Amino acid sequence: MLVLPKGVRHIPGHLDRDEQTSLVEDIRAVVRQAPLYRPEMPRTGKPLSVRMTNCGTLGWVSDKAGYRYQDSHPVSGAPWPPVPNRLKALWADLTGESRPPQACLINYYDVSARMGLHQDRDESDFSAPVLSVSLGDACLFRIGGTERGQPTRSFRLESGDVVILGGESRLAFHGVDRIYPMTSTLLKDGGRINLTLRRVDS
DNA sequence: AAGTACCG
DNA sequence: TAGC
C-alpha cells in the first residue's frame, strides 16, 4: 500500500466531470488572454518540455535569467488574467487559507512532456500550502522528501484529482515522470493540464 | 534552477 | 546519481 509523505494530501476524484469541464472552459479563457509559451532553463536557455502560462497577480516564469515571479506575460507583456472564481473557491475550501491565491501556474503537458524532480521554492512565504489540480490525461507523479536523495514514491494522478503540499511537505521534491496518452476525453487534443495555486508573499 | 546523460 |  502506498504511504504518502506527511503533509501530502492526494484527493482522488475531487472534481466531478462537470466541474472539470467548467474549469477547462475557465482555463481556455485565460489562455486566450495569456497564450501558452515555452519556458527556458536558467543559464542554458534549454526549453522545458511543458508549455506554460499563468493567471493571478503574479506568475512564475523561467528563462535564461532564472526563475522568478513577475506580474506580466513574458511574451506579450500584458498583466496576467485574474484567477477564475471557481479556482479561488477551491483554494478556500481545501487550504483553509483566508488569503486568496496570488499565483496560478498553468502547465500543459503534451504526451511526451515531463517535469524533473524539483521544489516549489521561489516564493518568499512558505506558510500556505501549494494546491495542484490535474485535468485531462493521467500522469505518473513522483514525490520525495525535502532534500534530494531522499526516497521517492510515484503514483498515478487522474483528471479531477487534487494534490496539496503543505506543512512539512511544502518543500517536498516532486515531478512528473510520464503522461499516459488517451486516458481522458476531457481535452479534445489530449495531453494534461496542471494548475498550481500558490501564495508568493506574506 | 523545473533537464538530462550516464551508470549499475 | 550528480555535475551543470
Side-chain angles (χ1 to χ4, degrees), chain A residues 4-5 7-8 10 27 30-31 34-75 80 83 87 101-126 128-157 161-166 168-181 191-201:
Chain A
L4 266 33
V8 180
H10 174 207
I27 296 310
V30 166
V31 169
L36 291 167
Y37 64 94
R38 187 164 317 266
E40 296 176 339
M41 288 291 288
R43 297 193 296 272
T44 63
K46 182 170 187 33
L48 276 67
S49 59
V50 296
R51 290 193 296 153
M52 271 180 198
T53 189
N54 289 270
C55 53
T57 56
L58 292 169
W60 186 87
V61 300
S62 177
D63 60 21
K64 289 180 89 165
Y67 299 153
R68 66 192 173 276
Y69 282 92
Q70 65 179 40
D71 61 10
S72 60
H73 191 287
V75 178
W80 302 110
V83 176
L87 275 178
Q102 291 173 295
C104 174
L105 175 61
I106 299 166
N107 285 330
Y108 175 71
Y109 294 77
D110 68 23
V111 295
S112 65
R114 303 159 150 268
M115 179 74 76
L117 216 53
H118 68 279
Q119 293 172 297
D120 290 13
R121 53 174 292 175
D122 301 306
E123 303 74 31
S124 57
D125 178 10
F126 301 133
V130 172
L131 186 155
S132 158
V133 180
S134 295
L135 296 168
D137 284 338
C139 76
L140 185 62
F141 179 74
R142 182 169 296 277
I143 186 156
T146 57
E147 293 179 43
R148 274 202 196 273
Q150 290 178 331
T152 63
R153 294 180 179 281
S154 64
F155 55 96
R156 185 168 164 130
L157 292 180
D161 288 8
V162 168
V163 175
I164 301 170
L165 300 184
E168 51 196 272
S169 286
R170 171 62 182 75
L171 291 171
F173 279 88
H174 59 282
V176 172
D177 288 351
R178 67 162 300 189
I179 302 297
Y180 295 106
R192 172 175 183 262
I193 293 171
N194 181 257
L195 309 176
T196 310
L197 284 81
R198 308 185 183 96
R199 287 293 301 180
V200 177
D201 307 316

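Just so it is clear: chains get the letters A, B, ... in the order the sequence lines come, proteins before strands, and each one is counted from 1. None of the values given here were measured: they were computed from a predicted structure.
The closest donor-acceptor contact from the side chain of A:Ser124 to the backbone of A:Val200 lies under 3.5 Å. Between the side chain of A:Gln70 and the main chain of A:Ser72, a donor-acceptor pair closer than 3.5 Å is present. The backbone N or O of A:Ala128 lies less than 3.5 Å from a partner atom in the side chain of A:Arg170, making a donor-acceptor pair.
Of the inter-residue distances, the one linking A:Leu165 atom CG with A:Ile143 atom CD1 reads 4.5 Å to the nearest 0.5 angstrom. Between atom OH of residue A:Tyr180 and atom CG of residue A:Leu140 there is a gap of 4.0 Å, rounded to the nearest 0.5 Å.
For the pair A:Arg142 and A:Asp177, the salt-bridge criterion is met [side-chain N within less than 4.0 Å of a carboxylate O]. A:Asp63 has a carboxylate O that lies under 4.0 Å from a charged side-chain N of A:Arg68, or vice versa, which qualifies the two as a salt bridge.
Ring orientation note: the planes of A:His118 and A:His174 are tilted relative to one another, at an angle of 30° to 60°. Ring orientation note: the planes of A:His73 and A:Tyr37 are nearly perpendicular, at an angle over 60° on the 30°/60° scale.
For DNA chain B, the outermost nucleotides in 5' to 3' order that have an atom under 4.0 Å from a heavy atom of chain A are B:dA1 to B:dT4.
The partner of C:dT1 is B:dA5, by the rule that a Watson-Crick or G-U pair needs both atom distances under 3.5 Å.
Of all the residues in residues 106-116 of chain A, A:Arg114, A:Met115, A:Gly116 reach under 4.0 Å from DNA chain B with at least one non-hydrogen atom. Within residues 38-51 of chain A, the residues approached by DNA chain B to less than 4.0 Å at the level of any non-hydrogen atom are A:Met41, A:Pro42, A:Arg43, A:Lys46, in residue-number order.
Looking at A:Thr196 and A:Asn107, their side chains never bring a donor and an acceptor atom within 3.5 Å of each other.
Taking atom P in both B:dA1 and B:dA5, one finds a spacing of 16 Å when rounded to whole Å.
Nucleic acid contact class of A:Gly149 (heavy atoms, under 4.0 Å, all strands): sugar-phosphate only.
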